[in-house]
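Notes follow the structure.
Below, chains carry the letters A, B, ... as their sequence lines are ordered, and counting in each starts from 1.
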Amino acid sequence: MDNLAIARILGEIADLLEIKNDNPFKIRAYRNGADIVANDPHDMASLDLKGLQEIPGIGKDLAARIREIADTGDAAFHQELLAEFPPSILDLLGLQGVGPKTVARLYRELGVKTLEELEEAAKEGRVRSMKGMGPKKETLILKAIDERRLHGGRHLLPDTHDAAVAYVAYLKAHAPDAQIEAVGSLRRGQESCGDIDILASGADAALMDRFIEYKLVERVLGQGDTKSSVRIWGGFQVDLRIVSPESRGAAMQYFTGSKAHNIVLRDRAIGLGLKLNEYGLFRVDDESRVGGASEQEIYEALGLAWVPPELREDRGEMNAAERRTLPTLIEHRDLRGDLHMHTTESDGRHSIAEMAQAAHAAGLEYIAITDHSRNLAMANGLDEARALAHAARVRAEDGRHGVRMLAGIECDILADGSMDLADDCLAQLDIVVASVHSAFNQDRQQMTERILRAIENPNVDVLGHPTGRLILKRAPYALDIEAIIEAAARHHVAIEINSQVDRLDLNDVQARLARDRGVRLVISSDAHSQAALAVTRWGVMQARRAWLTAGDVINTRPFDDFRALLRRNLR
DNA sequence: GCCGTTTTCGGCCCGACTGTTTTCAGTCG
């Protein structure tokens, strides 16, 4: 059982307890436990009861449940709950406007167990027969079911960003004096976002009318003086909150989240005799205002350094903010090189010279050309002869376009862990990025040993997109990432944060673990065209979420320094 | 269910909006 499988069961227990109307704090404990397990880079199944209980948020009972799930594949408690409710009703929970209370009543009073049965009941007007339900609620449920089928919910960070930027620009045009910006998970740089949160201060209520008139609005979900929600084309839900300027910082803090970060922050406020909400920070005794116009004001009043949004996940940032030891996070302009890109020689759209020119225009000092190797036939991968000839052409272009160039390859790690190209070929190149592009379905042990073998090959300098996940599309392959990270550290293999918008691989938690274990990281575009070089901004965002400084990422170094740090050049 | 030099018991974050209601429960973020 891997962490995600364990987390899924804990999360289902939380959902089922919620439908059962159980103790809300018990529900929170399970939900919190699921989050912890899902995000912890360590393999939970390998920890004993004592080790599990050392994790904050995991107590005696949750530790026992986790062990039970790891040992037997499930928890008896989970099975007991499932005996009370059919598992299919969990699908209903995700519907807009349908919560646990409604799900429980739909099941008890109407016998509704599935989306299809709910749709039928709503169409036949049976839902309105329930107390507190009416025709409007039925219509809303039917729309929610349609939208679920259409959109599925979440979006990639860059797509969310683009939609938000356009919406904010539209609002600013109608309220030029107001402060308007996107907050929420987008501001934290989370890899996928469920919705867009926009905050406006210094705007009058008329902005709400402009908000719902936006050309892409498909449906108004709710409208009030200070808060409105719409669904726009593309399946995004967008919320606008309007606050007064004196509350701007408090609202930014509040709506940027994360929820976990905010709970800890509020708890801290309570401990100081203060109350924090989206309007400001107040004394509990006389309700006087302590602050709220800026985020800095709030964090300082709570004895904390201002926390960059990317770190607000309750992963140790409070402690570091209190001790004033928050890292100076890497910024996009810190990148001097890009070490993973393709040309027309394999599946790229532009030539060596064109990629070099675009890199120079983007302000880079050096790049590596890393086309695919033979095994990736559909990408016209290179065999040894073509790889060496290609390398000669790269070296001939070196320095002619304003950037230094390394002749490299993205070499497939074959199913048995051997490299796709012969060692004497790889040894003649300047840099080798090793990646898995095939046999994704190997079991955990096979896949781990396969990648470990690649790391042990002295010609491998960088491990490319290490987990193979595609965000919102494909789960990472089964893999002991901790073992991979430790081996990479031991063998001085750098690990990539691949900036492709649907990869961002390593993810934030894994990249942080890698840094902690002494691995050198690189941030690369994996660009297949000139324009795609720009995606490194998302890789940098992920690196910031991993607490990385410029010093942790070796392609921030000047060319000669960087080159000396490549494994093949280490003495 | 978790947590704790104020506590091993009694806490646990907070407010807006909707639909169906005459004061509120449910949902959401």
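Here A/Arg31 pairs with A/Asp15 in a salt bridge; the nearest charged N to carboxylate O distance falls below 4.0 Å. A salt bridge links A/Arg210 to A/Glu213: at least one charged side-chain nitrogen sits closer than 4.0 Å to a carboxylate oxygen. One finds a salt bridge joining A/Arg149 and A/Glu119 here, because a Lys/Arg side-chain nitrogen approaches an Asp/Glu carboxylate oxygen to under 4.0 Å. A salt bridge does not link A/Asp48 to A/Lys50: none of the charged nitrogens lies less than 4.0 Å from a carboxylate oxygen. A salt bridge between A/Arg188 and A/Asp508 is absent, with no side-chain N of the basic residue lying under 4.0 Å from a carboxylate O of the acidic one. The pair A/Arg469-A/Glu191 meets the salt-bridge criterion, with a side-chain N (NZ, NE, NH1 or NH2) lying under 4.0 Å from an Asp/Glu carboxylate O.
Residue-level contact check: A/Thr226 touches the backbone only, with heavy atoms under 4.0 Å from sugar-phosphate atoms and none from bases. A/Arg241 comes within 4.0 angstrom of sugar-phosphate atoms only, judged by non-hydrogen atoms across all strands, and of no base.
Between the NZ atom of A/Lys131 and the P atom of B/dG26 there is a distance of 10 Å, rounded to whole Å. For the pair A/Gln53 CD and B/dG1 P, the computed distance is 13 Å after rounding to whole Å. Summarising the geometry, the separation between NZ on A/Lys275 and C1' on B/dC14 is reported as 8 Å, rounded to the nearest angstrom. Computed from coordinates, the A/Asp22 CG to B/dG1 P distance equals 8 Å when rounded to whole Å. A/Ile270 places its CD1 atom 14 Å from the C1' atom of B/dC3, with the value rounded to the nearest Å. The nearest whole Å value for the distance from the CZ atom in A/Arg31 to the P atom in B/dC2 is 15 Å. Residue A/Ile58 contributes atom CD1, which lies 10 Å from atom C1' of B/dC2 at whole-angstrom precision. One can place CE of A/Met133 at 9 Å from P of B/dT20, the figure rounded to the nearest angstrom.
Between A/Leu140 and A/Gly59, it is A/Gly59 whose nearest contact on DNA chain B lies nearer the 5' terminus. Position along DNA chain B of the nearest nucleotide to A/Gly57 versus A/Lys136 favours A/Gly57 as the more 5'-ward residue.
A gap of 31 Å separates the P atoms of B/dG15 and B/dC9, to the nearest Å. Rounded to the nearest Å, the gap between the C1' atom of B/dG26 and that of B/dT21 is 13 Å. For B/dC12 and B/dT7, the C1' atoms lie 13 Å apart once the distance is rounded to whole Å. Across the C1' atoms, B/dT8 and B/dG4 are found 8 Å apart, a figure rounded to whole Å. Taking atom P on both nucleotides, B/dG29 is separated from B/dT23 by 29 Å, rounded to a whole Å. Across B/dT22 and B/dC17, the matching P atoms stand 22 Å from one another, rounded to whole Å. A gap of 23 Å separates the C1' atoms of B/dT6 and B/dG1, to the nearest Å.
Within residues 284-315 of chain A, no residue approaches DNA chain B, by heavy-atom distance under 4.0 Å. Taken residue by residue, residues 4-11 of chain A places no heavy atom nearer than 4.0 Å to DNA chain B.
Inter-residue side-chain proximity for A/Val112 and A/Leu92 is flagged as met; some heavy-atom pair is nearer than 4.5 Å. For the pair A/Ile523 and A/Leu548, the minimum side-chain heavy-atom distance is 4.5 Å or more. Side-chain atoms of A/Ile481 and A/Leu506, non-hydrogen and from C-beta on, do get closer than 4.5 Å to each other. Counting heavy atoms from C-beta outward, A/Pro86 and A/Tyr107 have side chains that approach closer than 4.5 Å.
Contacts of A/Asp225 classified as salt bridge (Lys or Arg N to Asp or Glu O under 4.0 Å), with partners at least two apart in sequence or in another chain: none. Among residues two or more places apart in sequence or in another chain, the salt bridge (Lys or Arg N to Asp or Glu O under 4.0 Å) test is passed with A/Arg517 by A/Glu482, A/Glu486. Residues satisfying the salt bridge (Lys or Arg N to Asp or Glu O under 4.0 Å) criterion with A/Arg65, sequence neighbours excluded, are absent altogether. Legend: residues meeting ring-ring contact (aromatic ring centres under 6.0 Å, His included) with A/His42, ordered by chain and number and at least two apart, are absent. For the salt bridge (Lys or Arg N to Asp or Glu O under 4.0 Å) test, residues two or more places apart in sequence or in another chain that qualify with A/Arg289 are A/Glu246.
Phosphate proximity of B/dG1 to A/Arg65: present, with a side-chain N or O under 4.0 Å from OP1 or OP2. The shortest distance between the side-chain N/O atoms of A/Asn277 and the OP1/OP2 oxygens of B/dG15 is below 4.0 Å.
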What donor-acceptor contacts under 3.5 angstrom involve side-chain atoms of residues 159-167 of chain A, with partners at least two apart or in another chain?
unit_1   : atom_1 : unit_2   : atom_2 : d
A/Thr160 : OG1    : A/Leu156 : O      : 2.8
A/Tyr167 : OH     : A/Phe211 : O      : 2.8

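Only one option out of A/Arg128, A/Lys123, A/Lys143 pairs with A/Glu138 in a side chain to side chain donor-acceptor pair (under 3.5 Å); it is A/Arg128.
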Please write out the pairs of protein N or O atoms and N or O atoms of nucleotides 4-11 of chain B separated by less than 3.5 Å, giving the distance to one decimal.
none

Please list, pair by pair, any protein nitrogen or oxygen found under 3.5 Å from a nitrogen or oxygen in nucleotides 27-29 of chain B.
unit_1 : atom_1 : unit_2   : atom_2 : d
B/dT27 : OP1    : A/Gly99  : N      : 2.8
B/dT27 : OP1    : A/Gly99  : O      : 3.1
B/dT27 : OP1    : A/Thr102 : N      : 2.9
B/dT27 : OP1    : A/Thr102 : OG1    : 2.1
B/dT27 : OP2    : A/Lys101 : N      : 3.1
B/dT27 : O5'    : A/Gly99  : N      : 3.4
B/dC28 : OP1    : A/Leu95  : O      : 3.1
B/dC28 : OP1    : A/Gly97  : N      : 2.6
B/dC28 : OP1    : A/Val98  : N      : 3.4
B/dG29 : N2     : A/Tyr254 : OH     : 2.8

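For residues 293-306 of chain A, the pairs satisfying side chain to side chain donor-acceptor pair (under 3.5 Å) are A/Arg187-A/Glu295, A/Gln253-A/Tyr299, A/His261-A/Tyr299, A/Glu295-A/Trp306, A/Glu295-A/Arg312, A/Tyr299-A/Arg312, A/Glu300-A/Arg324, with sequence neighbours left out.
Side-chain atoms of A/Asn32 stay outside donor-acceptor range of the base of B/dG1, with no qualifying N/O pair under 3.5 Å.
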Given pairs defined as Watson-Crick or G-U wobble with both distances under 3.5 Å, what dot-bracket annotation applies to DNA chain B, with ( ) intrastrand, [ ] crossing, | other strand and . unpaired?
-> ((((....)))).((((((....))))))

